[in-house]
Amino acid sequence: QVQLVESGGGLVQAGSSLRLSCAASGGTFSSYAMAWFRQAPGKEREFVALISRSGGYTYYADSVRGPFTISRDNAKNTGYLQMNSLKPEDTTVYYCAVSLAALAGRRVPDYLYWGQGTQVTVSS
């Protein structure tokens, strides 16, 4: 059983930056592909970015490609999402998730374990 805990969310002004962290325990983090998703109230969970277990491959949703960067530190069992140039439309809850595959896709069912989420609010 893998436990994931996100942190780093908060309230910022448009144009600011935040770095979200996803701390993993209960498993071998380096064995899992990882992704970030986000979900607004009443909407489906939306793919943001993914990274392979080694960190050598990354992929982003078109809406965040450029300002957002996904990374991981397997020695620290932690994944990250650096978010720059934040916009009010980035306001929502962000979730990290891991898959037992070396590289997983962009769909929610591709991921087995999920964190509880961290709120990001961007004011205009």
* Going through the distances and angles, do Met83 and Leu20 end up as a side-chain contact (heavy atoms from CB on, under 4.5 Å)? -> CA-CA 8 Å; Met83 306 186 295; Leu20 305 183; 3.8 Å; yes
* Euclidean distance, Leu50 CG relative to Arg107 CZ, rounded to 0.5 Å -> 12.5 Å
* Asked: Would you say Val108 and Val48 are hydrophobically clustered, going by side-chain heavy atoms of ILVMFWY under 4.5 Å?
  -> no
* Taking the side chain from Thr69 and the backbone from Gln82, do they hold a donor-acceptor pair closer than 3.5 Å? -> no
* Tell me, please, which residues at least two apart from Arg106 pass salt bridge (charged side-chain N to carboxylate O under 4.0 Å, His left out). => none
* All pairs passing ring pair (Phe, Tyr, Trp, His ring centres under 6.0 Å) where residues 43-87 contributes a residue, at least two apart -> Phe37-Phe47
* To do: Grab the two heavy atoms, one from Tyr95 and one from Gly115, that are nearest each other, plus how far apart they are.
  => CD2-O, 3.6 Å
* Asked: Where the side chain of Thr92 meets the backbone of Gln39, is there a donor-acceptor pair that is under 3.5 Å apart?
  -> yes
* side chain to side chain contact (heavy atoms under 4.5 Å, CB included) partners for Leu112, two or more places apart -> Leu100
* Which residue pairs satisfy the disulfide (SG to SG under 2.5 Å) criterion with at least one member in residues 16-116, sequence neighbours excluded? -> Cys22-Cys96
* Ignoring hydrogens and geometry, is there a side-chain-to-backbone donor-acceptor pair from Ser85 to Pro67 under 3.5 Å? -> no
* Structure fact -> side-chain hydrogen bond (donor to acceptor under 3.5 Å, both in side chains) filter on Arg19, not counting sequence neighbours, yields none
* salt bridge (charged side-chain N to carboxylate O under 4.0 Å, His left out) contacts touching residues 73-100 (sequence neighbours left out) -> Arg38-Asp90
* Tell me whether Val2 is reachable from Tyr94 by hopping between hydrophobic residues (I, L, V, M, F, W, Y) whose side-chain heavy atoms are closer than 4.5 Å. => yes
* How far does OG of Ser16 sit from CG of Leu86, to the nearest 0.5 angstrom? -> 7.0 Å
* Asked: What about Leu4 and Ile70, same hydrophobic cluster or not, with Ile/Leu/Val/Met/Phe/Trp/Tyr joined at side-chain heavy-atom distances under 4.5 Å?
  -> yes
* **Donor-acceptor contact below 3.5 Å, side chain Tyr32 vs main chain Leu103** => no
* Roughly how far, to the nearest 0.5 Å, is the CE atom of Met34 from the OG atom of Ser99? -> 12.0 Å
* To do: Work out which heavy atom in Ala33 is nearest to a heavy atom in Tyr111; give both atom names and the distance.
  => O-CE2, 4.4 Å
* Report yes or no: do Trp36 and Tyr113 belong to one cluster of Ile/Leu/Val/Met/Phe/Trp/Tyr joined by side chain heavy-atom distances under 4.5 Å? => yes
* Going from OG1 on Thr28 to CZ on Arg53, what distance comes out if it is rounded to the nearest 0.5 angstrom? -> 10.5 Å
* To do: Evaluate side-chain contact (heavy atoms from CB on, under 4.5 Å) for Val120 paired with Thr91, printing each intermediate quantity in order.
  => CA-CA 5 Å; Val120 171; Thr91 294; 5.8 Å; no
* To do: Indicate yes or no for a side-chain donor-acceptor contact from Ser54 to the backbone of Gly56 under 3.5 Å, with no hydrogens or angles considered.
  => yes
* Asked: Okay, side chain of Glu6, backbone of Gln116: is any donor-acceptor separation there less than 3.5 Å?
  -> yes
* To do: Using the rule that two of Ile, Leu, Val, Met, Phe, Trp, Tyr join whenever any of their side-chain heavy atoms come within less than 4.5 Å, decide whether Phe29 and Trp114 are in one cluster.
  => no
* Structure fact -> Closest heavy-atom pair, Glu46 versus Ser63, reported as atoms and distance to 0.1 Å, is OE2-OG, 4.2 Å
